[in-house]
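Numbers here simply count residues along the sequence, with the first being 1. In this text the structure is predicted, and so the values were computed from the model without any measurement.
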Amino acid sequence: MKNEFKKSFKSFGKLVLSLFTFGTNANDSESREDKIKDGAQDLLDEQSGENLGDLNPKNENESLKEDAITSPGKMAVKNYFRNPLGVLGLVLMLGIILVVFIGSAIIPFNPYQSEGTLINVSPGSGYMKYPSQMEKEGVERISVGNTFGVGLTKEKNFYFWGKNNEDNVMKMPEDIKEKLKGKKIKDVAAGDRHILVATEDNEVYGWGNDSFQQTKLPPMQESQIKEEGIKKLGGGVQYSVVLTEKNNIYVWGSTMNSRLDLIPKEVQGKVVDFDTSGSNIFAVLKDGSTQLLGVRGAEVDVGAPDEIKNDKLKISKVALTTNSAAALDEDGKLYVWGPSRDNLSGENVPKFKGKVKDIVAGTNHFTALDEDGKIYSWGNNVYGEADSPSGKYEKIFSGYFNNYAVNKENKIDTWGLKGFKFGSDDQGRDIYTRLIHGGKMTIIISFVSVIIQVVLGVIIGMVSGYAGGKVDNVLMRITEIVQSFPFYPLIITLSALLPVNTSQNTRLMMIMVLLGVIGWTGIARLVRGQILAERERDYVIAAKALGVTNSSILVRHILPNILSIIIVNATLGFAGNLLTEAGLSFLGFGVQEPMPSWGNMMTSAQSSDVINIYWWRWVIPALAVFLAAFSVNLIGDALRDAIDPRSNER
């Protein structure tokens with residue numbers, strides 16, 4: 001490179017010198033010409049000598065490849081991937097599509113499922129992340145709340161763990177900390193959103209949700225409970241239970257509807273064990289009989305086996321789910337009953353290889369332990385609460401949606417609800433699951449509607465632009481009329497006119513068709529303008545001269561030349577339809593509950609409490625809508641720039 005620069009500079013210097021040289025004779029000119037020829041020949045020889053050494057078939061082929069003519073399609077692809085924003089949009093959109101469609105195929109979804117005990121849980125995990133000190137000291141008892149757990153060790157220490165909720169259950173008040181210093185713990189219990197701790201001097205301390213004073217002993221019975229001594233604590237949905245050493249049971253808290261605080265006289269003084277559910281307490285009496293307290297008349301009450309109703313069995317342990325019950329007799333035989341819809345009783349009960357040693361229950365599942373140490377879990381498995389581990393265990397504990405099993409080495413295994421990635425809504429539904437299935441609904445609606453828009457717009461625009469004259473005038477007037485329709489008032493009016501019992505599929509079909517039928521006008525105008533320009537081109541005139549039919553000219557010759565513009569416009573229209581569907585569902589005129597869509601998931605943002613406190617219920621779906629629309633717009637802009645690079649200059 002340096003040699004070439006020197007030679008060029010030397011040649012330029014000679015040229016400048018020659019401009020100031022006058023009066024040369026013929027001999028001088030001939031000698032100068034000879035010198036120039038000789039110098040030029042030397043320069044050519046030198047350059048050819050240098051280049052000959054570099055020339056080989058490989059370099060020649062590469063240079064030919066670089067000089068080869070690139071097709072418009074390949075050039076557009078190259079231009080697209082040179083645009084970093086276009087690549088970012090493509091990666092985002094592909095990621096959203098993969099997560100939404102593959103996730104919805106993998107993750108099971110029941111739109112009608114709700115959990116009252118998991119309402120408005122913030123995003124997070126670690127519901128079963130117990131402290132390692134529990135294993136070192138040995139597990140005595142574990143009680144489970146909705147998003148947390150509390151455990152008692154053999155050294156009479158207690159620990160609690162899990163995810164904090166709006167009741168701040170994971171933060172023990174400072175005054176209770178001071179009172180518990182140096183005291184041995186007798187028992188612990190967890191309600192749905194509160195924790196109870198009993199000390200050996202029969203004091204009870206509690207924190208968390210205290211809407212019904214369930215964290216404090218009832219004043220009327222406090223002195224009597226302390227006098228009788230605390231044997232066992234229990235917790236339910238906003239209520240608490242104490243079983244005393246004299247076999248009396250006391251209930252306080254939210255008992256207005258269930259009347260759990262009204263304990264029959266024939267039961268008091270005979271209770272040896274119990275289990276709780278949302279509206280019932282199942283008690284085991286001294287003589288081996290059982291007594292159901294609380295709401296009566298349901299299948300958990302009237303559906304009990306005759307042997308249990310008639311007190312013919314000696315029951316040693318009982319367990320309660322929301323609607324079903326289980327009882328274990330002294331011979332290790334298990335009895336389960338309840339509504340068939342719960343899939344807990346009858347043929348759903350597993351075949352046990354040995355005698356059943358223990359039985360515990362969560363909200364909608366049972367877990368049993370046989371004499372060989374094998375665990376059986378069955379029932380609702382939405383959160384993995386029925387996916388019991390293999391191995392041999394000594395103890396099992398269960399509650400709500402979580403399970404704990406302890407083996408001989410005091411190692412603890414857990415299974416069940418680990419947490420909510422994106423929190424839960426006002427009906428206790430997993431926002432992550434609804435976001436995935438709702439995204440599928442939103443994307444399908446947007447895609448189908450944009451297909452309708454493209455088909456109508458392209459057909460009308462091509463016919464209008466190519467035919468011209470009266471046909472063009474009529475079609476453009478129709479386009480203007482359709483474009484003048486007020487979209488949202490029309491949709492709202494039609495939604496109001498639909499019958500109350502209109503199916504979800506019919507409503508969705510109406511949304512897709514209306515989005516397509518009303519939104520084609522922009523594409524039609526764009527295509528018409530392109531056709532007006534293309535029909536005067538030479539290739540169209542040549543096709544007419546050859547006798548090609550008008551339909552063939554439109555479809556086979558003109559359409560491929562304007563297809564790129566249609567694709568770009570359809571891409572941007574997809575983003576617009578996505579936002580429109582989200583807006584309609586947000587207003588309550590799109591996808592209806594309980595079916596999810598990104599729009600109706602944001603409906604809760606109409607409440608100031610949700611905006612200020614439960615931010616995850618509207619921020620996460622709003623972010624999903626933003627990312628989807630943003631990525632599609634990036635793709636559309638990048639496609640436009642790639643197909644027409646001059647668009648950046650305009």
Side-chain angles (χ1 to χ4, degrees), residues 113-130 141-151 158-172 188-197 206-212 214-215 233-241 253-254 258 260 275-281 319-324 342 360-367 377 379-386 397-404 414-434 613-614 616-617:
Q113 181 188 3
S114 62
E115 295 294 347
T117 57
L118 294 174
I119 292 174
N120 295 326
V121 177
S122 62
S125 59
Y127 292 6
M128 297 180 289
K129 194 174 182 180
Y130 57 88
R141 187 189 178 196
I142 293 176
S143 185
V144 182
N146 61 353
T147 63
F148 59 93
V150 56
F158 81 98
Y159 302 90
F160 56 97
W161 60 89
K163 178 73 174 64
N164 210 0
N165 53 32
E166 60 181 318
D167 302 298
N168 218 14
V169 71
M170 297 308 297
K171 185 177 181 181
M172 188 193 307
V188 295
D192 61 331
R193 296 187 297 173
H194 68 282
I195 292 175
L196 295 175
V197 176
W207 63 94
N209 184 281
D210 196 34
S211 302
F212 298 90
Q214 63 266 35
T215 62
L233 289 176
V237 179
Q238 297 192 339
Y239 71 86
S240 302
V241 188
S254 177
S258 62
L260 282 168
D275 194 23
T276 63
S277 69
S279 55
N280 289 103
I281 294 175
L320 271 180
T321 68
T322 301
N323 301 306
S324 300
D342 282 1
V360 291
T363 300
N364 292 303
H365 76 281
F366 285 114
T367 298
S377 293
N380 194 346
N381 197 32
V382 174
Y383 304 114
E385 56 265 51
F397 306 95
S398 184
Y400 292 94
F401 310 97
N402 295 334
N403 301 272
Y404 298 80
T414 63
W415 67 100
L417 177 60
K418 298 177 181 177
F420 291 115
K421 296 181 179 67
F422 295 156
S424 66
D425 63 9
D426 58 339
Q427 296 186 43
R429 300 172 298 192
D430 182 14
I431 288 179
Y432 175 73
T433 302
R434 291 179 61 80
I613 302 173
Y614 311 122
W616 59 89
R617 285 175 50 188

Fill in: Ser143 (side chain) donor-acceptor with Ala190 (main chain) under 3.5 angstrom
yes

Worksheet entry | Gap between atom OG of Ser122 and atom CD1 of Ile613 - 0.5 Å precision | 12.5 Å

Give the table of side-chain donor-acceptor pairs shorter than 3.5 Å for residues 414-424, with sequence neighbours excluded, one pair per line with atom names and distance.
| residue | atom | partner | partner atom | Å |
| --- | --- | --- | --- | --- |
| Trp415 | NE1 | Glu385 | O | 3.1 |
| Ser424 | OG | Leu118 | O | 2.6 |
| Ser424 | OG | Asn120 | N | 3.3 |
| Ser424 | OG | Val121 | N | 2.8 |

Item to complete: Assign the ring pair Trp616 / Tyr614 to parallel, tilted or perpendicular, where the plane angle (0 to 90°) is split at 30° and 60°.
Response: perpendicular

Worksheet entry | Interatomic spacing from CZ in Phe148 to CG in Asp167 - rounded to 0.5 Å | 8.5 Å

Item to complete: Would you tell me whether Thr367 and Ser377 have side-chain atoms, one donor and one acceptor, within less than 3.5 Å of each other?
Response: yes

Worksheet item: What distance separates Arg141 CZ from Leu233 CG, expressed to the nearest 0.5 Å?
Response: 7.0 Å

Worksheet item: Between Asp425 (side chain) and Asp430 (backbone), is there a donor-acceptor pair under 3.5 Å?
Response: no

Worksheet item: To the nearest 0.5 Å, what is the distance between OG1 (Thr147) and CG (Asn164)?
Response: 7.5 Å

Discussion item. Assess the residue pair Phe401 and Thr117 against the criterion (side-chain contact (heavy atoms from CB on, under 4.5 Å)); give the C-alpha distance rounded to whole Å, side-chain angles, the decisive distance to 0.1 Å, and a yes or no.
Written reply: CA-CA 10 Å; Phe401 310 97; Thr117 57; 3.6 Å; yes

Discussion item. Can a donor-acceptor pair be found, under 3.5 Å and without considering hydrogens, that links the side chain of Ser240 to the backbone of Gln214?
Written reply: yes

Practice prompt. Could you give me the CA-CA distance, side-chain angles and deciding distance for Phe366 and Ser324, then say whether side-chain contact (heavy atoms from CB on, under 4.5 Å) is met?
Written response: CA-CA 9 Å; Phe366 285 114; Ser324 300; 4.2 Å; yes

Worksheet item: If every non-hydrogen atom of Ser258 is compared with every non-hydrogen atom of Ser279, which pair is closest and at what distance?
Response: CB-O, 3.7 Å

Discussion item. Looking at Tyr432, I want to see if its OH is surrounded by more than 12 non-hydrogen atoms of other residues, nucleotides or ligands under 6.0 Å.
Written reply: no

Discussion item. As a quick check of understanding, evaluate side-chain contact (heavy atoms from CB on, under 4.5 Å) for Val188 and Phe160, giving each step before the final call.
Written reply: CA-CA 10 Å; Val188 295; Phe160 56 97; over 6 Å; no

Worksheet item: Donor-acceptor pair, Thr322 side chain versus Thr363 backbone, under 3.5 Å?
Response: yes

Item to complete: Start with the C-alpha gap between Tyr239 and Ile281, add the side-chain angles, then the distance that decides, and say whether side-chain contact (heavy atoms from CB on, under 4.5 Å) holds.
Response: CA-CA 11 Å; Tyr239 71 86; Ile281 294 175; 4.0 Å; yes

Item to complete: Check whether any side-chain N or O of Trp207 sits under 3.5 Å from a backbone N or O of His194 as a donor-acceptor pair, and report yes or no.
Response: no

Worksheet entry | Flag for Asn403-Ser398: side-chain donor and acceptor within less than 3.5 Å | yes

Item to complete: Look at the side chain of Asp192 and the backbone N and O of Asn146, then say whether any donor-acceptor pair between them is shorter than 3.5 Å.
Response: no

Practice prompt. Any chance you could measure Asp342, atom CG, to His365, atom NE2, to the nearest 0.5 Å?
Written response: 13.0 Å

Worksheet entry | Heavy-atom donor-acceptor pair, Asp275 side chain to Leu320 backbone, under 3.5 Å | yes

Discussion item. What's the separation between atom NZ in Lys129 and atom NZ in Lys163, rounded to the nearest 0.5 Å?
Written reply: 13.5 Å

Item to complete: Write down the atom of Ala189, the atom of Gly235, and the distance for their closest heavy-atom approach.
Response: CB-N, 4.2 Å

